[in-house]
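Convention: sequence-line order gives letters A, B, ...; per-chain numbering from 1. Every heavy atom of this structure was used, including side-chain atoms; hydrogens, water molecules and symmetry mates were not.
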Protein chains: 2
Amino acid sequence: MADLVYQKIITSLKKSIDDGEYSDMRLPDERSLAESYSVSRSSIKRALGLMADQGIIFKKRGSGTFVNPLYLKQGSSFSYSGKNLGITDSFNANGQKPGVKVLKFDVVHPDKDLQDNLFLKPSEFVYSFERLRFLDDVPFMIETGYIPIKLAPELSEQIASESIFNYVESELGKEVNKTYLTISAQPSDEEGKELLNLSANEPVGLMEGIFFLDDGTPFEFSTMKLHYKYFKYDSFVDLGNK
Amino acid sequence: MADLVYQKIITSLKKSIDDGEYSDMRLPDERSLAESYSVSRSSIKRALGLMADQGIIFKKRGSGTFVNPLYLKQGSSFSYSGKNLGITDSFNANGQKPGVKVLKFDVVHPDKDLQDNLFLKPSEFVYSFERLRFLDDVPFMIETGYIPIKLAPELSEQIASESIFNYVESELGKEVNKTYLTISAQPSDEEGKELLNLSANEPVGLMEGIFFLDDGTPFEFSTMKLHYKYFKYDSFVDLGNK
DNA sequence: GTATAAAATTGGGCCGCTCCAATTTATGAA
DNA sequence: TTCATAAATTGGAGCGGCCCAATTTTATAC
């Protein structure tokens, strides 16, 4: 990625862990690491802090830093491929080929809910679109999205059939990299049964997301209905009992 | 909470935001904040960094720090009551009174899956228990948990009927504060229909969690089946398109 | 006016140090 | 040997500084 000190340390430490260099599951103390990497303790702390946030290691004041024993295992629920999966523009599935079909593409006024979520006035317009997403030609997700026209004036059905976020980044020079996500589940509705080939008793997973530009502007409100077999969200959580 | 500098700054800044002190949605620059709070810029950075992680503010190099416009709003999908809701030992529901009923409580050998997830040998024993949880006397969740006996030798059905984590903390002096969570959904099975009063087409939300002690020891593996109407998980995600 | 270039602003990264708190280890008395 | 105490270890918090990169603002030229 970048040539940042703490990033390189993370990469290096991960490799050391993978190579089984810390057979006792214990990392060297921060001061030693700082010396052996010839960097400041601050940089070591930054690296270890991030790794702890990702659940790779555990830090305990007074005793040391330890490898998460499940980080190495295969087959356990731990996959650790990334922090939080499931919501990339191009659902980076495991080798499966993604597809998109645009079902609707309109310009409308936002309803009250949308006005709140995208911080809009009732008079402003939003693009409204519906997309069906595929993995290896199998439909797995119905996506309903809303984007204020003022934020992406040139948006088109053509762009929606490819990647909206890529367009925003390359053509508008903006970046979408934060989301507020609400995850839930529902019985499948008519649309779900039809488009996702669900039977009556099979549910959909629901992911409602507000996507933000890097300066905090709410950019898109999206409702994603997923076939329940494709619905999986992993996360490492700090319960913060403090 | 604590009397840490960066915590106090976070509290203060949140208040300022709530009070509408930054009507242009823009916070003072870090150097100014450091001066006005009479702290180092490092502490300001730490405070702002944490607030950015929580989605309260957005930082953009070169331009400044901005309040998330949705942080203030009501009615929007944003609740922001905490970081990630949904998984406290005593599901801290909004004023609703929690209840627990222990359905099963045994000691067994772990199967292969459990051995992986709790890092156990086949010969070791685990407590196996099933609990039904209520909110205002309405059942909403079936919980199946496994805890190695070596980690909590004195565990009992009595303790399971109250709070296991509170017991661990107060009696064993350990702390459970990290979880690896996998979230998904399923059609309701017989157990769900019966105990959660679900009809055939109504699903359950599934949360599989591995709970860790503060030193990284996997402490409990838990499968939580939730009535879909009580199943909601909020999170603020960094998509990390970097 | 408008486009270009320079300067100022602002957050990012890194250093190296001090002091502190939690924990572990070593010490020594009973 | 046991147990209380002291010392050493280890991560946490905080400071104040340096330089850099992205962005915005200002100044300058045409």
Side-chain angles (χ1 to χ4, degrees), chain A residues 1-11 13 22 24-53 56-67 169 172-175 177-178 213-217 238 240 242, chain B residues 1-11 13 22 24-53 56-67 169 172-175 177-178 213-217 238 240 242:
Chain A
M1 202 76 79
D3 55 350
L4 302 177
V5 170
Y6 69 86
Q7 285 288 4
K8 285 192 289 190
I9 290 174
I10 290 177
T11 305
L13 286 177
Y22 310 119
D24 55 351
M25 297 317 239
R26 195 168 192 275
L27 270 64
D29 70 275
E30 297 182 346
R31 292 162 177 88
S32 304
L33 285 172
E35 193 176 6
S36 60
Y37 277 104
S38 298
V39 299
S40 70
R41 190 180 158 209
S42 319
S43 296
I44 296 293
K45 286 187 83 65
R46 160 126 47 164
L48 294 180
L50 288 170
M51 291 171 75
D53 286 342
I56 299 175
I57 58 174
F58 288 81
K59 305 200 285 183
K60 195 174 181 189
R61 186 204 304 220
S63 35
T65 304
F66 307 90
V67 178
E169 190 165 349
L172 303 183
K174 299 171 183 174
E175 198 184 358
N177 54 9
K178 297 274 170 59
L213 298 179
D214 52 8
D215 65 351
T217 308
D238 185 345
K242 292 169 188 173
Chain B
M1 204 75 76
D3 55 349
L4 302 177
V5 170
Y6 69 87
Q7 285 289 2
K8 285 192 290 189
I9 290 174
I10 289 178
T11 304
L13 286 177
Y22 310 119
D24 56 349
M25 296 318 235
R26 194 170 191 276
L27 269 65
D29 70 275
E30 296 181 348
R31 291 162 178 87
S32 305
L33 284 173
E35 194 175 3
S36 60
Y37 277 103
S38 299
V39 299
S40 71
R41 192 182 157 207
S42 321
S43 296
I44 297 293
K45 287 186 81 66
R46 163 132 34 167
L48 294 180
L50 288 170
M51 290 171 75
D53 286 343
I56 299 175
I57 58 174
F58 288 81
K59 305 201 285 181
K60 196 175 182 189
R61 147 139 68 159
S63 40
T65 303
F66 307 91
V67 177
E169 190 164 348
L172 303 183
K174 300 173 183 174
E175 198 184 359
N177 54 9
K178 297 274 170 59
L213 298 179
D214 53 9
D215 65 352
T217 309
D238 185 344
K242 291 170 188 173

Euclidean distance, atom [atom1] of residue [X] to atom [atom2] of [N] [Å, nearest integer]:
{"X": "B:L33", "N": "D:dG16", "atom1": "CG", "atom2": "P", "answer": "16 Å"}
{"X": "B:L48", "N": "C:dG11", "atom1": "CG", "atom2": "P", "answer": "8 Å"}
{"X": "B:R46", "N": "C:dG13", "atom1": "CZ", "atom2": "C1'", "answer": "15 Å"}
{"X": "B:D215", "N": "D:dG11", "atom1": "CG", "atom2": "P", "answer": "14 Å"}
{"X": "A:D3", "N": "C:dG12", "atom1": "CG", "atom2": "C1'", "answer": "13 Å"}
{"X": "B:L4", "N": "D:dC15", "atom1": "CG", "atom2": "C1'", "answer": "15 Å"}
{"X": "B:E35", "N": "D:dG17", "atom1": "CD", "atom2": "P", "answer": "12 Å"}
{"X": "B:K59", "N": "C:dT9", "atom1": "NZ", "atom2": "C1'", "answer": "16 Å"}

Practice problem: Name the residue closer to the 5' end of DNA chain C, choosing between B:R26 and A:I44 according to the nucleotide with the nearest heavy atom. | Solution: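 Whichever sits nearer the 5' end wins; that is B:R26.
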Exercise. Check whether any side-chain heavy atom of A:V67 sits under 4.5 Å from a side-chain heavy atom of A:I56, and report yes or no.
Key: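 The answer is no, as the side chains (C-beta and beyond) never meet within the 4.5 Å cut-off.
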Quiz item: Roughly how far, to the nearest 0.5 Å, is the CD1 atom of B:I9 from the CG atom of B:L33?
Solution: 8.0 Å
Exercise. Return no unless some side-chain N or O of A:S43 is found under 4.0 Å from OP1 or OP2 of C:dG13.
Key: no
Self-check item: Nearest-nucleotide comparison on DNA chain D, the residue closer to the 5′ end among B:R61 and A:R31
Solution: A:R31
Self-check item: Counterpart residues, salt bridge (Lys or Arg N to Asp or Glu O under 4.0 Å), relative to B:R41 (two or more places apart)
Solution: B:E30
Quiz item: Would you say the side-chain atoms of A:T11 pair up with the backbone N or O of A:Q7, donor to acceptor, closer than 3.5 Å?
Solution: yes
Checking contacts here: which listed nucleotide ([options]) is nearest the side-chain heavy atoms of [X]?
{"X": "B:Y6", "options": "C:dG16, C:dG12, D:dG14", "answer": "D:dG14"}
{"X": "A:K60", "options": "C:dT10, C:dT23, C:dG12", "answer": "C:dT23"}
{"X": "A:K45", "options": "D:dG14, D:dG11, C:dG12", "answer": "D:dG11"}
{"X": "A:S63", "options": "C:dT23, C:dG13, C:dC15", "answer": "C:dT23"}
{"X": "A:E30", "options": "D:dA13, D:dG12, C:dC14", "answer": "D:dG12"}

Quiz item: Does the pair A:K60/B:D214 count as a salt bridge with the N-to-O cut at 4.0 Å?
Solution: yes
Quiz item: Per the atom types in the model, does the base of D:dG14 pair as donor or acceptor with the side chain of B:S42 at under 3.5 Å?
Solution: no
Practice problem: Assess whether one donor atom and one acceptor atom, taken from the side chain of B:R41 and the base of C:dG11, lie less than 3.5 Å apart. | Solution: yes
